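See structure below.
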Amino acid sequence: MSKPKVAFYWAASCGGCEIAILDIGDRILPLSEAVEIVFWPCAIDIKYDDVRAMEDGEIDLCLFNGAIRNSENEEMAELLRQKSKLLVAYGSCAYEGCIPGLANLKTRKEILRRSYIEVPSMDNPESIYPRTRTEVPEGILELPELYDTVYTLDQVVDVDYYVPGCPPVADQTWAVLEAVLEGNLPEKGSVVGAGTKIVCDDCPLEKKETKISGFFRPHQIMPEPDICLLEQGIYCAGIGTRAGCEALCPSVGMPCRGCYGPPPGVFDQGAKIVSALGSVIDSEDPDEVDRIMEQIPCPAGLFYRFSLPHSILRRKTTDDYKE
Amino acid sequence: MKRIGVFVCHCGINIAETVDVKRVAEESMKMDGVAYAQDYIYMCSEPGQTLVREKIVEEKLDAIIIAACSPNLHESTFRAAAEEAGLNPWQCEIANIREQCSWVHSDREKATSKAIHIVATIVQKTRLNESLEPIPVSITKKALVIGGGIAGIQASLDIADSGYKVILVEKDSSIGGHMAQLSETFPTLDCSQCILTPKMVAAGKHPNIELMTYSEIEEVSGYVGNFKVKIRRKASFVDWSKCNGCGLCMEKCPAKVSSAFDRELATHGAIYVPFPQAVPNKPVIDKDSCIYFKTGKCRLCEKVCEIGAINFEQEDQFVEEEVGAIIVATGFETLPVADLAEYGAGDVPDLIDGLAFERLLSASGPTVGEVRRPSDGKVPKEIVFVQCAGSRDPERYKPYCSKICCMYTTKHALLYKHRVHDGQPYIFYIDIRTGGKGYEEFYHNAEEEENIIYLRGKVAKIFRDGDKTVVWGTDTLTGRNIEIAADLVVLATAVVPKDSTAELVKKLRIQTGPNGFLAEAHPKLRPVESINSGFFLAGAAQGPKDIPETVAQASGAACKVISLFSRDHLEQDPAVAWVDEDLCGSCRICISVCPYDAREYDEEKEIVIVNEALCEGCGSCVAACACGATQQRNLSDSQIKSMVTASLGGV
Amino acid sequence: MFEPKIVCFLCKWCTSAGADLAGTSRLKYRPNGVNIRFMCSSRVDPEHILWAFHEGADGVLIGGCHPGDCHYEDGNYKTQARVSLLNRLLDDFGIDTRRLRLEWISAAEGAKFANVMNDFTEELRSKGPLKLAVREMAK
Amino acid sequence: MAKIAYYPGCALNERSSHLDRSARDATVRLGFELDELDTWTCCGAVPPVSEERVMNLVAPSRILKDVRDSGRDILITICDFCYNTLKRTNFIIKSDEITRKRVNAFLADDTPERDYLEKDDSLWEDYAGEVNVIHLMEYLRDELGYEKITESLKRSLKGLKIAPYYGCVMLRPQNEIQLDNPENPSIIEDFITALDAKPVKYPYRTECCGSYLSVSSPDASTRLCYRILTSARNSGADAVVVSCPLCFYNLDSRQKAITEAYSDFKPVPIFYFTQLLSVALGVEYGRQGFEKHYVDVTPVLDKIGISTGKGGEE
Amino acid sequence: MSENMGLAPPKNPPIRLTLEIVNTGFKQRVNELSGQNMDACYQCGNCSSGCPLAQEMDILPNRVIRLVQLGQNDDIINSETIWICASCFQCTVRCPKGIDIQAVMDALRQIAMDEGIDHFGPDQIDPELAASVPQPGLVGVYRKLAT
């Protein structure tokens, strides 16, 4: 039997997921013994055309990280789907949009204006914007088209499994690889490499009663070391975030950001966290409640930091406020 | 897939006139999961219910939906019918297409379309409904009665007589309420105290009744069958266990305090009992009027009390009690004369309210039953009674009829004539309302035989002129205005709920209606119950009513309590919260959220569980559970989402 | 004329009873809302509201007991806090917060329920349909 | 032939003699005779004005006492005013002891002692209401029986639609008169049926015609009679039947004024009940005094084949 | 306050009720003459609703009784109503309180006539009418409406 063929791809993401693969450490050696890496732009020089030349389904496993931000991302997602037996949305970006997905709170127009005109370091007096086709003396230059909306991988192609995390922790990555190599596969569409509970389940901090009379950002107070951060008014997404990370952040006194996405019983992580927080505000005075809530900066960005394109609303609606 | 039957009721024309019920049935048949649909003229009638039962069997239905009136009316009816036909009652749902559709819309097309959406919404819920069993809950067989007027006394006696314990809480130092203030009672004219006092004594002595006078409800938690009540026993500064009621302290007290019991027509000391027949007959010190408390000097009462019952150091005590049912009988107050600007805003000395006049008529009152006016103590020769003072006036005061005034004013005029034979009473009224046994006859007798002049018209203005009190009225029957320069004017001021009612209902979490009176569960069929289970209503706190009606309602409420206590246990709606053990990550937010302490951390399972007996099914923990481990039975998030979709016309 | 679609989440004890009273009082109001009855407004999860917008609602009404009157002690305060936060979220998402109404309507306020339904319908009519991005994308 | 004491009263004695005559003619055919009192005075037409006016009871009481003293206990009257006055007087005498004593004192006063001593050696006996005052129609209904009338019919009135008119004093005040239900009477309807004619129901049958206001406020009476007659006519009546001379006068004679005042008015013939009875029992046409009527009755009688010339049996 | 005699009298002066006015004896006199209790009337208005001559009256029958109750004798004895009443007893048979209103009207006519107010005299009769109207009409009108 020939060795399984494995591909890694990096779409709209920071690249952390690539590093996360290397995070498996020494286990990379047995891995490279066990599989044949047929495509990994970050590490191996194989061109897109080489992939196009492959048979459909020739790749046994493709770990695809990054969101779908532009036409190139989408094209590669379709191509790799076609060539792979198993396509895994690897990491938060591919799974649910993650940080790039926050762009959905803006329009493409706003983003381009910001990036190419408004930023203080930009010097672009002629207001030149990037174009998908640019004619230069040497010929035509093509750039991928930036989409108005960031998509998750499964919004453009069929996905077999999801590995959450920004980035996924190494042990979970290894476990997924191991499971695939051993043919020990769960039901299609499953989230793998994560727990079924929430971060709190792994969190070592002590929990008593949650009544919030004010929110603080981590730099604003010095939290009690062993007490649940949320109880101390520090927004911690652990209550609405899938376990799997071993509660790395709260274990060291930093609040959970929610990168493992919603737990299995939840679809919209942000809405659920809003619901939970709204339940434990320690005030019955509507004005005071509003004041407490205003201490939360940019709720959409905070509660959907990792999951905006994968949420119910997915992106900002632009033409509802008028008059 | 579940086989659901949809039964669409015409409710005569109540639904069918506005909603095309046949189309609703037809459209229902097209819905996923619906195996049978039919309309019928009166679904709640016996033939209607028979139809439902037969079709459950014939069509092998797993669940049914009755599209009819509000579930508040017939949910239990149809659930019982479903059970008879072998269905689990929780497989029966009601789609409200009457109160919330046919009755509120007139466009037939739109109403029909809405009715279809309503049914579709309920179909979605029903598809995912589980079969449930009611949850048994134990009952603490002890009642709390709040308010020691005739309503509270009667209710307490009835419950106590049936063998159950009662705690009767009264905020004043004696029970008796307003009835103790009355002179004689219509329509039989028996003396109020004569018929009340024996009942007060009986309540005071009953082995099953624990009187807690001079006490107020501080906190109530729990639920029907198992309430926890915290009661504040206000400091009386008199050790009642020592006091033998000799009364010397009251005699010696140099302070003068307007008597609330005598409607400010007399005074008593700062240490006082409200009236001589008080039960318990123990004094209290009014801290705000006591010279010692105000100046730090006096303590005369302490000096004269040989047994040393005075204790200036006493503080409010708190007691906690567990009870299974609560009767609210907090009674009424009357609209202050000062609120009635056109009647002198309280500045006319010879203008008093009906309760004050009761004190003037009372043999135990400040004038020993002689009618003497407050300004100079003269016997009034001409006296004007003004009805509907603040009642039946939706624009400025109270919109409702205070119900008792027609009768008590007639009684006042009649008793006045009995005391002052050559006096002339006039009564201004808008309508005379004498609905009650013997009432119309009482009124006729007064009108025909007692030379009481009834004037049909609302009094516009009252003012003082010399030693007279001038009344400007009209007589719509002659079409002439009427002026009377009277010696005394008595206002039948509007009956209003006690000020404290609003605060109390918040503690009890029961409802009041638009005028602040306690709201009954159903105006006709459940008049002595609050909509909140375990709370019962008695007396004028629920609405203006006279003594017979109050007593009847009190006995009715007591009977409801006794019927509750006669059960071994209660069956609680099982549509409660539950936890998926595989998902719960023990963030414990739900513990903080639950108002009933129904959530606790299970050390063994390392999850938070639901105590089903305590859970009231509000669902707030379900919404608060960010990990999605908590769901509500038969109202899960997936049910709600599909209901939302269906309500918007999606599938 | 544009007929907005409204989803109404009503608590059983107050607002749904108030809606029943509107019925028994035969008050007439706009038929644009379909009511979903919960035991308490605190069962309403912001997820339900977002879902309603997703599924085509132009407006969402939450009806609960007046402050202090909650049958479950303080359920309506939870609702109030959630709505407060959700409003900020809706704002971030570009959805006019007037599309989400929280009303305290007691069992005695049939007329208020009818007025709220009429008023909300009119307001949504003047706003026009909610062109939610995610719905536009699906088209 | 049985003779029943009969009090005609002033009107029947003179201005309404056709009522009297037709009554006498008819009753004979039914087997009894109206035996007019030997001496009688005016009854006073209206009962006493107030409690103080006991004097007004004296005249009717004397009439009644005479009937009693003559050994009879039934007195028939026809005129509704006489009926009302005598019957109510009797009621007062029976039920009010003080009034009874006062009235008898007056009666005794103006009755010369020798008169009764000569006529009768019994001692003075107070009149105590022993006489039963009966309306002729009441006698026909209760004593004779309407079926007897039907059996005795010589001419059918079939085809005639007749509106009964009760007016006021025949039925009211009810507790004293007790003739029929004042709000829904049937005595005249049943009488009409007994004659084979058809009674017409209409709402104004018990509404006042104006009574003596005809004298003091004729316009008021005209308005009332217009309403009554129009209502009867609109209900399909060919004629109206009455028993009271004043009703007859108002409803019949006043049609002149009504016709002048109301352009839409169509005259309606008025009959005394005794006139119809007389015709139906076959009394010779012409004896009923129809010539005294203001409104011509012949068209109505023609309708059922009775007209001048055809005559009766006699 | 006294009325200024130099001014035109007010159109609708208020009734100033006093112990004296309501007890002057007017009501009692009506009670005695009529044998009825004026205070028994609770002003339902049935007497007026059914009165065939109501349209001819200036004060409806129920209001006549009302004025008696309030001792307003002037208003009544100067009214048309008591002379328009045809004594038809319709009100009497219908009164829910059993008041013989007819008797009250008689009493009021008597009081008026006692005070010298006559409504009708022989000189006022149309001779043609006098010659033709049945006697009860003539007797009735004089007995009811004239001293």
Side-chain angles (χ1 to χ4, degrees), chain D residues 9-16 19 42-53 56 79-82 84-85 96 167-169 171-177 182-183 204 206-221 223-224 227-228 244-250 253, chain E residues 29-36 50-53 55-57 80 83-95 98 100-111 113-114 119-121 124-126 128-147:
Chain D
C10 336
L12 273 74
N13 199 40
E14 196 208 352
R15 294 185 181 174
S16 309
L19 171 56
C42 172
C43 63
V46 288
V49 170
S50 79
E51 292 214 334
E52 284 192 353
R53 303 206 163 169
N56 292 5
C79 165
D80 289 356
F81 274 87
C82 302
N84 184 277
T85 307
D96 180 351
C168 41
V169 291
L171 299 171
R172 304 193 287 257
Q174 185 204 10
N175 54 342
E176 296 171 38
I177 300 296
E183 301 287 3
Y204 280 84
T206 59
E207 294 298 315
C208 178
C209 66
S211 186
Y212 53 77
L213 291 187
S214 200
V215 177
S216 59
S217 309
D219 287 352
S221 182
R223 276 194 275 273
L224 295 178
R227 289 199 312 225
I228 295 161
C244 170
L246 199 49
C247 295
F248 180 89
Y249 177 81
N250 283 345
S253 309
Chain E
R29 173 99 177 110
V30 175
N31 283 355
E32 282 163 21
L33 284 177
S34 65
Q36 308 300 310
C51 177
L53 286 147
Q55 61 170 358
E56 314 287 338
M57 295 174 171
E80 285 291 318
W83 311 113
I84 291 294
C85 166
S87 306
C88 78
F89 301 100
Q90 191 70 277
C91 47
T92 296
V93 296
R94 283 180 181 154
C95 176
D100 185 352
I101 295 137
Q102 164 53 36
V104 175
M105 290 293 176
D106 273 350
L108 293 170
R109 280 189 284 256
Q110 186 176 334
I111 292 171
M113 290 189 280
D114 287 352
H119 187 70
F120 197 73
Q124 286 170 268
I125 194 165
D126 171 13
E128 197 189 321
L129 196 69
S132 62
V133 73
Q135 289 87 333
L138 291 171
V139 180
V141 80
Y142 287 122
R143 283 208 139 167
K144 291 279 184 187
L145 308 185
T147 38

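Since this is a predicted model, take the numbers as computed values, not measurements. Every heavy atom of this structure was used, including side-chain atoms; hydrogens, water molecules and symmetry mates were not. Sequence lines set the chain letters: A, B, ... in the order given, protein chains first and strands last, and positions in each chain run from 1.
- Residues E:G140 and D:A45 approach most closely at N-CB, 4.3 Å, considering heavy atoms.
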Test log, rule side-chain contact (heavy atoms from CB on, under 4.5 Å), inputs E:V139 and D:F81: CA-CA 10 Å; E:V139 180; D:F81 274 87; over 6 Å; no

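- For E:Q90, the parts sitting under 4.5 Å from any heavy atom of chain D are the backbone and the side chain alike.
- Taken from CZ in E:F89 to OG1 in D:T206, the straight-line distance is 14.5 Å, to the nearest 0.5 Å.
- In this structure, no portion of E:C51 lies under 4.5 Å from any heavy atom of chain D.
- Interface residue E:V133: backbone and side-chain heavy atoms are both found under 4.5 Å from chain D.
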Show, in sequence, the C-alpha distance, side-chain angles and deciding distance for E:W83 and D:S217, and conclude whether the side-chain contact (heavy atoms from CB on, under 4.5 Å) test is met. CA-CA 9 Å; E:W83 311 113; D:S217 309; over 6 Å; no

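- With respect to chain D, the highest number of heavy-atom pairs below 4.5 Å among E:G137, E:P136, E:C88, E:S87 belongs to E:C88.
- Contact of D:L246 with chain E is made through backbone and side chain together, with heavy-atom distances under 4.5 Å.
- Of the inter-residue distances, the one linking E:E56 atom CD with D:L224 atom CG reads 6.5 Å to the nearest 0.5 angstrom.
- With sequence neighbours left out, the side chain to side chain donor-acceptor pair (under 3.5 Å) criterion links D:S214 to D:N250, D:R254.
- For D:C209, no part lies near chain E; criterion is any non-hydrogen pair under 4.5 Å.
- Ranked by heavy-atom pairs shorter than 4.5 Å toward chain D, the options E:T92, E:L129, E:L145 are led by E:L129.
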When you look at E:Q102 and D:R172, which way does the side-chain contact (heavy atoms from CB on, under 4.5 Å) test go after all the steps? CA-CA 11 Å; E:Q102 164 53 36; D:R172 304 193 287 257; over 6 Å; no

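- Between chain D and the options E:A130, E:C85, E:S132, the largest number of non-hydrogen pairs under 4.5 Å is found for E:S132.
- The closest donor-acceptor contact from the side chain of E:R143 to the backbone of D:G44 lies under 3.5 Å.
- The choice from E:R94, E:Q124, E:M105 that makes the most heavy-atom pairs within less than 4.5 Å of chain D is E:R94.
- Taking 4.5 Å as the limit, every side-chain heavy atom of E:Q135 sits out of range of all side-chain heavy atoms of D:N13.
- Heavy atoms closer than 4.5 Å to chain E are found in both the backbone and the side chain of D:S216.
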